[in-house]
Amino acid sequence: QAQPVESGGGLVQPGGSLRLSCAASEFTEDTYGIEWSRQAPGKVREGIACISISDETTYYADSVKGRFTISRDNAQKEAYLQMNSLTPDDTAVYYCATVPRWTCRVLGTPAYAEWGQGTQVTVSS
């Protein structure tokens with residue numbers, strides 16, 4: 001699998017929780033971390049969380065900090081996103097990719113990254 005595969009999305013009530021999984025592509029010498037991004041209908045892609053594969057360094061967007069937690073398992077080349085206190089503003093397709101250091105640090109969403117097909121998260125009453 002050269003392209004990562006996201007899973008775990010679904011329909012959830014406001015205030016609820018979901019955990020997303022990312023089966024990542026192969027790590028290369030250029031890989032610094034694994035990033036989660038999301039895109040809502042009619043809006044631009046937003047980087048929301050990234051984790052280094054070499055240490056415990058993490059980065060979060062202000063929109064999710066304190067509510068979402070990113071983690072990883074290097075042996076399985078997997079990353080996870082625990083999402084709590086969900087609101088309708090979190091409704092989006094969620095994607096993951098392996099990324100270089102600069103992208104991870106600023107939570108960029110470059111087109112050259114190998115993003116997966118995404119998993120839909122819908123937060124609605």
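Taking all atoms of both residues into account, the shortest heavy-atom contact from Q39 to K43 is NE2-O, 3.0 Å. Nearest approach of E35 to T109, heavy atoms of both residues: OE2-CG2, 4.1 Å. Shortest non-hydrogen contact noted between M83 and V121 is CE-CG2, 3.9 Å. Across all their heavy atoms, A24 and P4 have their closest contact at CA-CB, 3.9 Å. Heavy atoms only, all atoms of each residue included: P110 and W115 are closest at O-NE1, 2.9 Å. Looking at every heavy atom in both residues, L107 comes nearest to A61 through CD1-N, 3.3 Å.
Taken together through direct or relayed side-chain contacts under 4.5 Å among Ile, Leu, Val, Met, Phe, Trp and Tyr, Y95 and V64 form parts of separate hydrophobic clusters. With hydrophobic clusters built from ILVMFWY side chains whose heavy atoms lie under 4.5 angstrom apart, I51 does not share a cluster with Y32.
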- [ ] Decide yes or no on side-chain hydrogen bond (donor to acceptor under 3.5 Å, both in side chains) for Q13 and S125, but give the supporting numbers first.
- [x] CA-CA 5 Å; Q13 190 173 348; S125 59; over 6 Å; no

Open item on the list: Show, in sequence, the C-alpha distance, side-chain angles and deciding distance for C50 and V99, and conclude whether the side chain to side chain contact (heavy atoms under 4.5 Å, CB included) test is met.
Closed with: CA-CA 9 Å; C50 192; V99 295; 3.9 Å; yes

TODO: Let me see the working for S54 and S52 under side-chain hydrogen bond (donor to acceptor under 3.5 Å, both in side chains), right down to the final yes or no.
DONE: CA-CA 5 Å; S54 63; S52 169; 3.0 Å; yes

Open item on the list: Determine whether Q82 and N84 satisfy the following criterion, side chain to side chain contact (heavy atoms under 4.5 Å, CB included), listing intermediate values before the conclusion.
Closed with: CA-CA 7 Å; Q82 178 66 46; N84 300 324; 3.0 Å; yes

Open item on the list: I'd like to know whether E26 forms a side chain to side chain contact (heavy atoms under 4.5 Å, CB included) with T31, so could you lay out the CA-CA distance, the side-chain angles of the two residues, the decisive distance to 0.1 Å, and finally the verdict.
Closed with: CA-CA 9 Å; E26 284 292 309; T31 300; over 6 Å; no

TODO: Go through C22 and I34 one step at a time and tell me if the side chain to side chain contact (heavy atoms under 4.5 Å, CB included) criterion holds.
DONE: CA-CA 9 Å; C22 170; I34 304 174; 4.3 Å; yes

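Side-chain contact between P88 and S124 is absent, with no heavy atoms from C-beta onward closer than 4.5 Å. I70 places none of its side-chain heavy atoms less than 4.5 Å from the side chain of Y59. Looking at heavy atoms from C-beta onward, Y60 lies out of side-chain contact with I48 at the 4.5 angstrom threshold. Looking only at side-chain heavy atoms (C-beta outward), P14 and V123 come within less than 4.5 Å of each other.
Atom CZ of R45 has more than 12 neighbouring heavy atoms from other residues, nucleotides or ligands inside a 6.0 Å radius. Heavy-atom neighbours of D55 CG from other residues, nucleotides or ligands within 6.0 Å: above the threshold of 12.
Relative ring orientation between Y94 and F68 is described as tilted, the plane-to-plane angle lying within the 30° to 60° band.
Side-chain atoms of T119 come within 3.5 Å of backbone N or O of G9 as a donor-acceptor pair. No donor-acceptor pair under 3.5 Å is formed between the side chain of Q117 and the backbone N or O of E6.
In this structure, OG on S71 lies 10.0 Å from CD on E78, to the nearest 0.5 angstrom. Distance check: I53 CD1 to D73 CG gives 12.5 Å after rounding to the nearest 0.5 Å. To the nearest 0.5 angstrom, L20 atom CG is 11.0 Å from R38 atom CZ.
Annotation: cation-pi geometry satisfied between R19 and Y80 (NZ/CZ under 6.0 angstrom from ring centroid, within 45° of ring axis).
Using a 3.5 Å distance cut-off with no hydrogens or angles, the side chains of E46 and S63 do pair a donor with an acceptor.
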